[in-house]
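Everything below concerns the one structure shown next.
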Protein chains: 2
Amino acid sequence: MANPMYRQIAEDLREQIESGQLQPGQQLSTELELRERYRASRNTVRDAIKWLMNLDLVETRPGQGIFVVKKIAPHVTPLSGDPGTGEGAIYRWQVSKNGRKPDSTVPQVEIQRADKGIAAELQLPEGTQVISRHEKRYIDETPWSLMTSFYPRGFVVQGAGKLLLADNIAEGAVQYLNATLGLRQAGYRDWITVRAPNAVEAEFFSLPQDGRVAVFENFRTAFDQTGTPMRVTVTVFPTDRNQFVVEIGDVPEPQVRAAADDHKS
Amino acid sequence: MANPMYRQIAEDLREQIESGQLQPGQQLSTELELRERYRASRNTVRDAIKWLMNLDLVETRPGQGIFVVKKIAPHVTPLSGDPGTGEGAIYRWQVSKNGRKPDSTVPQVEIQRADKGIAAELQLPEGTQVISRHEKRYIDETPWSLMTSFYPRGFVVQGAGKLLLADNIAEGAVQYLNATLGLRQAGYRDWITVRAPNAVEAEFFSLPQDGRVAVFENFRTAFDQTGTPMRVTVTVFPTDRNQFVVEIGDVPEPQVRAAADDHKS
DNA sequence: AACGATTTGTTCGTATGTATC
DNA sequence: TGATACATACGAACAAATCGT
């Protein structure tokens with residue numbers, strides 16, 4: 001009696017879902033049937049469903065019904081590795097190594113004025129022109145991440161003209177900048193946050209319009225051999241299909257592992 | 001007209017919040033006033049408020065009113081660093097370096113049977129007894145993270161008896177295991193996921209009971225000089241107050257930086 | 001292509017409970 | 001204690017999406 005009725009209904013359905021009585025993708029009873037089963041009004045049943053939607057356990061489809069959400073098999077992105085490796089090539093390799101099909105759009109290249117955050121990372125005055133290279137990435141045809149790299153505009157006049165071409169740089173941007181400008185990527189810093197998706201991101205990733213499913217935002221600042229920032233890459237990953245690994249020091253070959261939960265009260 | 005009324009109301013209020021017209025912590029008009037201002041019923045106004053609550057922009061306090069949420073100043077946890085460093089000492093150092101006050105409970109020690117995930121990480125059979133050391137951590141009196149470390153039970157009979165004491169290990173667990181068992185922490189792997197908090201976590205961190213604010217879950221597996229796992233640490237961090245940095249290769253001194261958003265459509 | 005049946009989405013009204021000041 | 005404000009619950013009506021006939 002302590003809990004309101006809609007929570008009790010939600011708890012009951014939750015147990016059925018988490019016990020596997022209701023399988024992912026399976027349709028549950030309609031609002032009308034639930035109303036009868038729990039002897040509650042339609043609005044109360046709907047409140048229970050909303051609760052479960054917030055927990056990302058069910059989804060509703062207008063005109064069809066209520067369904068247990070199908071969890072997407074996550075992709076694990078390694079954040080550590082050879083500091084001198086580029087982004088594009090290693091992405092495809094990492095994904096296909098796991099037997100999945102990577103894909104990405106042709107880069108969309110623009111010249112923009114650096115906003116405060118990008119300017120600070122690149123150690124340039126705010127408003128300085130920078131080259132922005134934007135790419136949408138997919139795994140098994142599903143939208144997976146949005147990547148945007150920013151380079152100082154000066155790189156182009158110094159001889160790295162390919163940065164302005166809307167085309168994949170075959171040898172990778174890191175190798176290309178090394179060959180043309182003698183810039184060696186000596187290291188990078190990743191800065192990981194979680195936030196609600198904006199409207200564009202929600203649309204692209206097919207996330208609910210409200211903020212239920214969050215996104216990772218990773219700011220990667222790459223430095224050359226002199227410690228000068230040479231690139232900032234901002235990548236957005238939905239948290240429902242992305243995870244990260246970092247390896248520091250000597251770590252043996254990774255093992256296959258399963259998800260685990262609730263280790264400690 | 002495309003959007004339902006409650007969304008339009010939510011959008012209007014959202015703009016006022018994000019433009020700074022409504023400051024964090026400030027009280028909004030009451031449901032009654034909003035009902036009159038937007039000429040909508042109370043339920044429609046409440047739907048708009050619910051939408052903003054999902055986006056974590058406002059919070060409601062029964063008997064008081066509706067308030068713009070105060071964002072908590074985030075703490076940034078470095079995931080990279082000396083692979084041989086322990087957890088407890090470096091945590092306090094990292095936090096106080098930023099001028100904030102760290103705090104943590106005395107460890108709560110238990111002997112548990114390893115569940116599937118922990119057993120796999122420690123490369124032990126499922127159900128093997130392990131030592132669990134659980135600690136609650138605070139920053140500036142605010143609950144900040146929940147940490148649980150798991151060690152093989154065998155460490156105790158081999159001479160590392162302090163692991164069973166409900167007390168902070170002054171020199172740090174890593175140094176202690178080195179001194180007693182000759183185990184050197186050669187490296188570790190962090191595996192980062194995001195999920196909805198469970199009831200206990202929501203309670204401890206004062207998060208809403210539904211899954212609106214997610215938590216990071218970091219599985220850290222530490223390996224000794226032979227490549228054998230010696231510890232698994234599971235730490236849970238609310239995403240609304242925690243961020244991470246990883247540095248790979250040569251990275252210059254970090255700079256103070258501000259948040260940035262929406263770099264690319 | 002058109003229609004009807006089913007199902008969820010939005011909006012209103014109303015009453016009562018509970019928390020805070 | 002009373003007034004105020006949000007929380008829960010019921011009922012009702014119409015809109016919009018989907019599917020099968």
Side-chain angles (χ1 to χ4, degrees), chain A residues 1-14 17 22 25-69 202-203 206-212, chain B residues 1-14 17 22 25-69 202-203 206-212:
Chain A
M1 286 299 205
N3 275 355
M5 191 188 307
Y6 76 94
R7 291 273 294 273
Q8 293 180 40
I9 298 174
E11 271 313 305
D12 191 62
L13 291 170
R14 180 199 191 126
I17 291 169
L22 291 166
Q26 188 180 343
Q27 180 171 8
L28 37 143
S29 313
T30 66
E31 291 177 352
L32 196 71
E33 292 167 321
L34 292 173
R35 191 188 83 184
E36 288 166 3
R37 183 189 320 165
Y38 293 107
R39 297 177 192 290
S41 77
R42 186 178 164 220
N43 281 331
T44 302
V45 167
R46 282 179 61 76
D47 280 345
I49 299 301
K50 276 181 200 162
W51 184 270
L52 295 175
M53 279 176 39
N54 270 353
L55 292 170
D56 211 36
L57 288 172
V58 303
E59 62 184 341
T60 54
R61 301 182 204 148
Q64 296 190 51
I66 309 161
F67 299 83
V68 182
V69 293
E203 214 276 321
S206 305
L207 302 177
Q209 278 293 321
D210 57 11
R212 291 202 312 275
Chain B
M1 286 298 206
N3 276 356
M5 193 188 306
Y6 77 95
R7 292 274 293 273
Q8 293 180 40
I9 298 174
E11 271 313 304
D12 191 60
L13 291 170
R14 181 200 189 127
I17 292 169
L22 290 167
Q26 189 179 343
Q27 181 170 7
L28 280 74
S29 314
T30 65
E31 290 178 349
L32 196 72
E33 293 166 320
L34 292 173
R35 190 187 84 184
E36 289 165 3
R37 183 188 321 165
Y38 293 107
R39 301 181 185 286
S41 79
R42 187 178 163 226
N43 281 333
T44 302
V45 168
R46 280 178 63 75
D47 282 344
I49 300 301
K50 274 181 201 162
W51 185 268
L52 295 174
M53 281 178 32
N54 270 353
L55 292 171
D56 210 36
L57 289 172
V58 303
E59 60 185 342
T60 55
R61 300 180 204 148
Q64 297 190 51
I66 309 161
F67 299 83
V68 182
V69 293
E203 215 277 321
S206 305
L207 302 177
Q209 278 292 323
D210 58 13
R212 292 202 310 274

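Sequence lines set the chain letters: A, B, ... in the order given, protein chains first and strands last, and positions in each chain run from 1.
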* Shortest non-hydrogen contact between B:V69 and B:E59, atoms and distance -> CG1-N, 3.9 Å

* Rounded to whole angstroms, how far apart are CG on B:D210 and P on D:dA7? -> 12 Å

* Asked: Quick one: B:E59 CD to D:dA7 P, roughly how many Å, whole number?
  -> 11 Å

* Asked: If each of A:L32 and B:A40 is mapped to the nucleotide of DNA chain C with the nearest heavy atom, which maps nearer the 5' terminus, i.e. the 5' end?
  -> A:L32

* Between A:T44 and D:dT8, is there a side-chain N or O to OP1/OP2 distance below 4.0 Å? -> no

* Structure fact -> Assign each of A:M5 and A:P62 the nucleotide of DNA chain D bearing its closest heavy atom; nearer the 5' end lies the nucleotide of A:M5

* chain A footprint on DNA chain C, 5' to 3' - any atom under 4.0 Å from a heavy atom -> C:dT7 to C:dT10

* Could you give the OH-to-P distance, from A:Y38 to D:dA9, as a whole number of Å? -> 14 Å

* B:E31 CD - D:dA3 C1' separation (whole Å) -> 16 Å

* Taking N and O atoms by type only, does the side chain of B:R61 place a donor or acceptor under 3.5 Å from a partner on the base of D:dA7? -> no

* To do: Mind calculating the distance between CZ (A:R39) and P (D:dG11) to the nearest angstrom?
  => 13 Å

* Which atom pair, heavy atoms only, marks the closest approach of A:Q209 to B:L55? -> O-CD2, 4.5 Å

* **Distance in angstrom units between B:N43 CG and D:dA12 P, rounded** => 16 Å

* Once you round it to whole Å, what is the distance between P of D:dA15 and CG of B:N3? -> 18 Å

* Contact check, side chains of A:I17 and A:V58, non-hydrogen atoms, under 4.5 Å -> yes

* **Of A:V68, A:I66, A:L13, the residue whose pairing with A:L52 passes side-chain contact (heavy atoms from CB on, under 4.5 Å)** => A:L13

* To do: Give a yes or no on whether A:Q27 atom CD has more than 12 heavy-atom contacts from other residues, nucleotides or ligands under 6.0 Å away.
  => yes

* To do: Find the distance between CH2 (B:W51) and CZ (B:R14) and round it off to the nearest 0.5 Å.
  => 9.0 Å

* Structure fact -> Note: A:V45 and A:A40 closest approach over all heavy atoms is CG2-CB, 4.4 Å

* Structure fact -> note: B:Q64, atom CD; D:dA3, atom C1'; distance rounded to Å ~ 15 Å

* To do: Name the nucleic acid region contacted by B:I49, choosing base, sugar-phosphate or nothing; use a 4.0 angstrom heavy-atom cut-off, strictly under.
  => nothing

